[in-house]
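Before any comments, here is the structure.
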Protein chains: 2
Amino acid sequence: MFAEIITIGDELLIGQVIDTNSGFIAKQLNKIGVSVYQITSIQDDKSHIIKALKEAESNADIVILTGGLGPTKDDITKKTIAEYFNDTLVKDTAVLKNIEHLWKHYVGGTLLQVNKDQALVPSKAQVLMNKLGTAPGMWLEKGDKVFVSLPGVPYEMNALMDHHVIPKLKDKYNCPFILHKTLLVYGLGESALADRIESWEDALPEHIKLAYLPSLGKMRLRLSAKGFDEQQVKEEVQNEIDKVLPLIKNEFFGFEDEEGSVEIIIAKHLTKIGKTLAIAESCTGGTVAERFTVNSGASAYFNGGIVTYSTESKINVLGVSKNDIETHSVVSSQVVESMAQNALRLFQSDFALATTGNAGPTKGDSDAEVGTVFIGIATKNGVYSEGFNFGNHRVKVINKAVNKALEMMLKEIFKN
Amino acid sequence: MFAEIITIGDELLIGQVIDTNSGFIAKQLNKIGVSVYQITSIQDDKSHIIKALKEAESNADIVILTGGLGPTKDDITKKTIAEYFNDTLVKDTAVLKNIEHLWKHYVGGTLLQVNKDQALVPSKAQVLMNKLGTAPGMWLEKGDKVFVSLPGVPYEMNALMDHHVIPKLKDKYNCPFILHKTLLVYGLGESALADRIESWEDALPEHIKLAYLPSLGKMRLRLSAKGFDEQQVKEEVQNEIDKVLPLIKNEFFGFEDEEGSVEIIIAKHLTKIGKTLAIAESCTGGTVAERFTVNSGASAYFNGGIVTYSTESKINVLGVSKNDIETHSVVSSQVVESMAQNALRLFQSDFALATTGNAGPTKGDSDAEVGTVFIGIATKNGVYSEGFNFGNHRVKVINKAVNKALEMMLKEIFKN
């Protein structure tokens with residue numbers, strides 16, 4: 001069972017907006033055994049949309065479109081779909097009611113004609129009610145094939161996928177079971193890892209696919225398999241995992257699919273053992289804290305964080321000694337350890353993580369070379385730190401520092 | 001002049017990795033007058049890559065591929081390109097030297113055969129030397145058409161685009177000038193804005209395109225035009241801007257293309273007037289700070305931030321009065337104003353921004369309804385706050401709060 005995702009919007013083609021919708025849709029489809037054959041991003045242009053629809057219809061069983069359903073003149077998806085299906089637009093009273101309700105509660109004032117027109121849908125379409133916005137989702141069938149049109153606003157699209165599209169697809173099709181297992185590996189580069197597991201990889205059965213996903217400072221190794229017998233697929237994949245784990249026993253840190261990302265593994269473990277975390281950041285500027293707090297449940301273990309960007313704030317707010325800064329420089333193991341210890345104390349937490357460094361492009365309050373980062377960890381038993389050079393690309397330095405900090409914290413909490 | 005971008009990798013099709021590469025490439029191409037016709041994401045599969053290459057060749061003048069150039073077995077782009085060009089792979093000694101150099105400096109140990117093989121390139125290809133990684137970029141021509149293959153690692157791809165692909169494309173083609181101007185508009189929804197500017201929009205010349213880009217809590221209005229006479233394109237667009245600005249004079253806050261995002265407008269203005277900023281966050285958990293610190297130059301105006309996630313840390317670290325919290329609840333205007341004032345004092349800054357709220361999905365330390373957020377601003381002249389309800393979707397609540405906080409700060413710094 002194959003799907004094609006078509007994302008519509010000039011903003012995607014000029015790089016103004018990054019398409020996160022297709023990733024979300026692909027993930028949800030995968031969970032019910034639908035593989036995505038292709039993701040195609042195109043302009044708000046009638047003939048191009050029709051061309052893409054034709055190609056998708058010949059490639060896939062399910063075609064999911066997002067975008068171009070707004071109330072303004074540049075939004076032409078709905079009209080174009082009606083044309084593709086030789087259909088006309090008719091008013092849907094339930095959609096109109098929903099629009100009126102949303103308008104009254106969240107906007108106020110007179111409902112404009114362009115908003116009322118959002119209640120027009122192709123007569124052949126089944127409406128997928130969008131409780132979060134004025135553009136309805138639409139479900140159309142053509143022979144055995146399904147076409148779904150969804151608004152481009154991510155949280156509206158997400159809700160429609162979860163509550164309507166996925167349940168309806170599960171009803172309609174007998175889908176195979178798809179399993180991805182992703183192993184988080186630290187401390188081995190892509191080719192060193194490939195070398196280490198070569199004989200295992202060569203012996204993998206044909207229908208189990210392996211992928212290497214390098215990311216700044218970590219590797220993900222993904223096994224994928226599908227089949228109609230869920231139990232058999234699970235056993236076959238587990239069997240391969242049992243063979244590969246002994247080869248990477250010091251570098252393996254968990255499964256991403258089940259546990260989520262590194263920060264989620266940390267969050268779950270801290271919540272389980274009833275311990276708390278605090279963070280003091282300089283060069284990473286709040287990104288480490290954000291990685292934790294974006295997920296729900298953070299209040300169970302995350303006491304707080306502090307971004308001491310300026311040298312003065314390291315002294316005044318975090319209580320790092322002025323003398324340490326003058327003697328060792330603000331980018332040093334002494335300072336990062338003091339930051340971690342002070343964060344531990346201030347936030348009364350069990351673990352504290354600190355970063356200080358120079359992300360560039362120019363040298364800041366320190367003479368440290370661009371790319372130099374120190375990461376420190378304090379616990380009730382003591383404090384330690386490590387120094388790194390992450391190169392001279394600002395965003396890369398920040399991301400590498402964040403990943404390394406999370407890696408060090410992961411190792412720390414699993415020490416005991 | 002049209003380009004098509006093909007991003008290759010199973011991880012994109014299962015939603016494990018979000019494709020940020022094509023957005024970057026599209027933006028760079030646009031700057032030199034190349035429009036992107038389509039972005040296509042496909043699997044690491046030979047026949048699919050060849051099909052996509054054929055379609056792209058018929059659609060576009062320039063085809064840019066990313067991904068699938070790693071050293072491991074799932075990376076098949078290079079072999080497939082060689083096949084598409086009826087070509088064979090030959091060893092490039094300069095690439096091998098680069099690989100050996102990178103290996104020696106950043107990895108160490110014996111160079112593996114799979115890494116040496118990364119120096120194999122199609123004989124018809126011109127190598128684009130990748131100083132940041134072991135996979136070289138490749139430039140191939142077929143008649144008037146150009147095919148470029150780049151590694152999928154974002155910062156390697158970025159550097160190759162900037163230093164090789166863009167200059168070479170500028171050399172080869174006489175490209176039209178493309179201009180996008182994006183107006184940041186606060187305080188009007190998509191349809192209300194459309195209604196306000198309707199007669200202006202209807203009178204827009206055919207070759208100037210208008211797009212509405214709604215985002216949580218703000219609107220962007222984008223005008224796009226292209227032509228061979230740069231001066232004329234600029235004048236025509238400016239002429240339309242001069243007509244529309246009086247219609248939205250209270251809602252217009254700046255141009256995104258020139259000034260960058262709201263946080264960059266704030267950053268530039270604070271740097272210019274020599275004032276500083278501090279941030280105290282609860283429900284936004286470091287995201288506001290991260291928005292500022294991800295851009296270089298933050299140390300000129302950003303003194304620091306504090307994430308007081310737990311109630312205890314609001315009292316102990318930020319000095320909010322326990323009595324205020326007990327009397328008014330932790331999600332209240334009193335608490336957010338105290339957070340802002342204390343951040344102002346602690347970080348010795350001119351402006352401070354604070355957030356407190358309940359992002360959900362469950363109620364936290366407060367009885368406040370899910371979605372309730374208070375945002376406060378303190379300056380040396382005083383403090384004020386506003387309360388909001390941003391709905392019950394966690395990520396949406398956080399993002400709306402961040403955007404609203406930035407909007408309030410933008411308005412504050414331009415008050416004077």
Side-chain angles (χ1 to χ4, degrees), chain A residues 10-11 13-15 18 20 23-24 26-27 30 36 38-42 70-72 74 107 112 114-115 155 180 189-191 194-195 210-213 285-287 289-290 293-294 296 298-299 302-310 312-313 316-317 346-348 361 364-365 393-394 396 398, chain B residues 10-11 13-15 18-20 23-24 26-27 30 36 38-42 70-72 74 107 112 114-115 155 180 189-191 194-195 210-213 285-287 289-290 293-294 296 298-299 302-310 312-313 316-317 346-348 361 364 393-394 396 398:
Chain A
D10 293 354
E11 65 277 16
L13 280 307
I14 66 168
I18 294 295
T20 55
F24 177 85
K27 214 179 242 176
N30 254 266
V36 175
Q38 182 167 312
I39 298 167
T40 308
S41 299
I42 57 173
T72 50
D74 57 328
V107 187
L112 303 167
V114 286
N115 294 107
Y155 67 89
H180 300 291
E190 183 171 3
S191 44
D195 195 47
L210 182 72
Y212 294 81
L213 305 168
T287 311
E290 192 254 343
T293 59
V294 76
S296 61
S299 51
F302 184 63
N303 282 1
I306 195 157
V307 183
T308 49
Y309 216 66
S310 66
E312 291 68 34
S313 67
N316 299 333
V317 187
L346 271 172
F347 289 99
Q348 302 174 358
D365 281 355
H393 182 290
R394 183 176 178 85
K396 180 182 157 191
I398 294 174
Chain B
D10 292 354
E11 65 278 14
L13 281 304
I14 65 167
I18 295 294
D19 169 27
T20 55
F24 177 86
K27 214 178 241 175
N30 254 266
V36 174
Q38 182 166 312
I39 298 167
T40 309
S41 299
I42 58 172
T72 50
D74 57 328
V107 186
L112 303 167
V114 287
N115 294 106
Y155 66 91
H180 300 290
E190 183 171 3
S191 43
D195 194 50
L210 181 73
Y212 294 80
L213 304 168
T287 311
E290 191 255 343
T293 59
V294 75
S296 61
S299 51
F302 184 62
N303 282 0
I306 195 157
V307 183
T308 49
Y309 216 66
S310 65
E312 291 67 38
S313 66
N316 299 332
V317 187
L346 272 172
F347 289 99
Q348 301 173 0
H393 182 289
R394 185 178 176 85
K396 181 181 156 192
I398 295 174

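Predicted model, so just to flag it, every value in this text is computed and none were measured. Side-chain atoms are counted along with the backbone in the values below, which use heavy atoms only and exclude waters and symmetry mates. Numbers restart at 1 for each chain; the letters A, B, ... are given by sequence-line order, proteins then strands.
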- Heavy-atom pairs under 4.5 Å with chain B are the metric here; pick the option from A:Gly70, A:Ser296, A:Gly189, A:Ala298 that has the most. A:Ser296
- So which of A:Thr308, A:Leu112, A:Leu210 has the biggest tally of heavy-atom pairs under 4.5 Å with chain B?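 Top count of heavy-atom pairs under 4.5 Å with chain B: A:Leu112.
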- Item | Under 4.5 Å from a heavy atom of chain B, the part of A:Asn115 involved |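 The answer is the side chain of A:Asn115.
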- Message: Counting only non-hydrogen atoms closer than 4.5 Å, does B:Leu13 touch chain A with its backbone (N, CA, C, O), its side chain (CB onward), both, or neither?
- Response: both
- Measure B:Asn30 against the heavy atoms of chain A and call it side chain, backbone, both or neither at under 4.5 Å. side chain
Closest-packed option against chain A by number of heavy-atom pairs under 4.5 Å, given [options]:
{"options": "B:Ser41, B:Gly304, B:Ser313, B:Ala211", "result": "B:Ser41"}
{"options": "B:Thr287, B:Ile398, B:Ile42", "result": "B:Thr287"}
{"options": "B:Leu346, B:Ile14, B:Thr40", "result": "B:Ile14"}
{"options": "B:Asn316, B:Ile39, B:Ile306", "result": "B:Ile39"}
{"options": "B:Asp10, B:Val114, B:Thr20", "result": "B:Asp10"}

Minimum heavy-atom separation for [X] to [Y], with atom names?
{"X": "A:Val307", "Y": "B:Phe347", "answer": "O-CE2, 3.8 Å"}
{"X": "B:Thr293", "Y": "A:Arg394", "answer": "O-NH2, 2.6 Å"}
{"X": "B:Ser191", "Y": "A:Pro71", "answer": "CB-CG, 4.1 Å"}
{"X": "A:Ser299", "Y": "B:Tyr309", "answer": "N-CE2, 3.5 Å"}

